[in-house]
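These notes concern the structure reproduced below.
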Amino acid sequence: MTTILVTGGTGTLGRLLTKRLRADGHEVRVLSRHSQPYAVDLREDTGLDAAVAGVDTIVHCATSPRGGDDRAACNLIETARQAGVPHLVYISIVGVDRVPLGYYRTKLAVERLVEESGLGWSVLRTTQFHDLVLRLLRGSARLPVLLLPAGVADQPIEAAEVAARLAEIATGEPRGRVPDMGGPEVRTFPELAQAYLRASGRRRPLLNVRLAGTTYHGFRAGGHLAPKRAVGKVTFERFLASRLPEQD
């Protein structure tokens with residue numbers, strides 16, 4: 001049995017990973033800002049020593065698009081070094097080195113911190129989760145017209161499949177950068193939107209909107225996709241069938 005600390009253990013991925021690890025018989029500590037007994041804000045470092053002490057592996061899932069991920073990683077890494085943690089696993093995103101989105105740049109910076117930490121480490125990049133695509137489409141569908149980024153495709157993946165892969169990595173030896181995980185299909189946003197509308201019973205006209213800027217260009221160029229690593233099994237339609245009632 002391994003003792004594993006999961007940061008961000010109450011989030012979409014963290015909950016699934018924690019459940020998987022416990023089902024496999026491992027002792028799991030869940031760290032988040034509001035989850036006792038390890039209620040820790042990684043950006044502040046208070047209480048982190050107790051959470052890290054005696055663990056065999058840390059799986060770092062905690063993240064915030066509002067910023068501070070690099071500071072949080074520095075605190076976590078320093079505490080892990082002092083505690084002699086053998087293995088640090090980090091979950092990242094396909095395209096952090098190709099799409100100049102601010103959040104992606106921070107994720108890439110954290111990857112480099114992990115690689116240079118002096119700890120045994122593993123980094124897994126995945127494409128976007130189905131959950132994020134659903135959230136984006138739900139938000140857009142609140143308008144009379146469903147607005148979509150023109151010329152952009154996505155390759156969403158099931159978070160539970162990522163959790164299973166992370167559990168495998170976390171219970172093994174450090175592997176460095178492991179092969180990326182992509183969803184089973186590269187789909188255009190109109191295709192994803194139509195699938196959502198069918199599953200939710202809604203009707204909305206679609207409007208493709210051409211945007212400006214280097215980030216949009218990076219997404220249009222497919223920098224966030226991994227078509228050669230389409231290893232996921234759960235399609236977006238199958239995900240929707242499990243999540244949505246007949247009327248969303």
Side-chain angles (χ1 to χ4, degrees), residues 8-20 32 34 61-66 91-95 99 101 103-104 107 125-166 180-213 215-227 229-248:
T10 58
T12 298
L13 178 61
R15 286 196 307 271
L16 294 167
L17 175 59
T18 297
K19 182 178 179 181
R20 177 70 179 244
S32 73
H34 306 294
C61 299
T63 186
S64 173
R66 293 186 294 275
I91 180 69
S92 190
I93 306 171
V94 169
V99 179
L101 181 68
Y103 178 58
Y104 279 23
K107 296 286 284 187
R125 292 181 183 177
T126 76
T127 53
Q128 301 291 345
F129 296 165
H130 290 311
D131 304 75
L132 176 61
V133 176
L134 174 58
R135 189 159 64 246
L136 292 173
L137 293 174
R138 267 180 169 156
S140 186
R142 292 172 184 162
L143 301 173
V145 175
L146 208 160
L147 303 177
L148 303 172
V152 177
D154 209 347
Q155 191 181 354
I157 192 169
E158 171 57 47
E161 293 182 298
V162 176
R165 177 66 172 132
L166 275 181
D180 296 346
M181 280 189 77
E185 301 172 315
V186 175
R187 307 285 297 278
T188 68
F189 258 96
E191 289 172 341
L192 294 167
Q194 291 287 7
Y196 165 71
L197 293 172
R198 286 193 300 270
S200 64
R202 292 186 170 190
R203 293 185 179 182
R204 294 287 188 280
L206 307 182
L207 179 61
N208 291 307
V209 180
R210 180 175 288 274
L211 305 174
T215 296
Y216 174 59
H217 177 76
F219 282 121
R220 278 180 59 92
H224 60 304
L225 305 177
R229 292 293 305 161
V231 296
K233 304 299 182 186
V234 178
T235 64
F236 190 56
E237 282 82 357
R238 182 175 162 192
F239 163 79
L240 291 173
S242 68
R243 286 298 188 90
L244 296 183
E246 291 186 4
Q247 298 292 328
D248 183 23

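- A side-chain contact (heavy atoms from CB on, under 4.5 Å) with T126 is found for exactly one of R229, M181, R165, namely M181.
- Among all heavy-atom pairs drawn from V209 and Y216, the shortest one is O-OH, 3.9 Å.
- Relative ring orientation between F236 and H130 is described as tilted, the plane-to-plane angle lying within the 30° to 60° band.
- Judged by distance alone, the side chain of T18 and the main-chain N or O of G14 form a donor-acceptor pair under 3.5 Å.
- Side chain of K233 to backbone of E161: no donor-acceptor contact under 3.5 angstrom is found.
- Closest non-hydrogen pair, L17 versus C61, comes out as CD2-SG, 4.1 Å.
- Just one of V186, L132, L192 meets the side-chain contact (heavy atoms from CB on, under 4.5 Å) condition when paired with P156; it is L192.
- Shortest non-hydrogen contact noted between L147 and S140 is N-OG, 3.0 Å.
- Of the possible donor and acceptor atoms, none in the side chain of R20 sits under 3.5 Å from a partner among the backbone N and O of A164.
- Proximity of a side-chain donor or acceptor of R204 to a complementary backbone N or O of V145 within less than 3.5 Å is not detected.
- H224 and T127 make their closest contact through O-CG2, 3.7 Å (heavy atoms, listed as atom of the first residue, atom of the second, distance).
- The shortest heavy-atom contact between A193 and L206 is CB-CD2, 4.0 Å.
- Side chain of Q194 to main chain of E191: no donor-acceptor pair is present (N/O by atom type, distance under 3.5 Å, no hydrogens or angles).
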**OP:** I would like to know whether F129 and E158 meet side chain to side chain contact (heavy atoms under 4.5 Å, CB included); could you show each step before the answer?
**Re:** CA-CA 6 Å; F129 296 165; E158 171 57 47; over 6 Å; no
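- The shortest side-chain heavy-atom distance between R125 and I93 does not fall under the 4.5 Å cut-off.
- Scanning all heavy atoms of the two residues, the minimum distance from P190 to N208 falls at CG-OD1, 3.7 Å.
- Side-chain atoms of T215 and Y104 include no donor-acceptor pair closer than 3.5 Å.
- Here the side chain of Q155 pairs a donor or acceptor atom with the backbone of A226 at under 3.5 angstrom.
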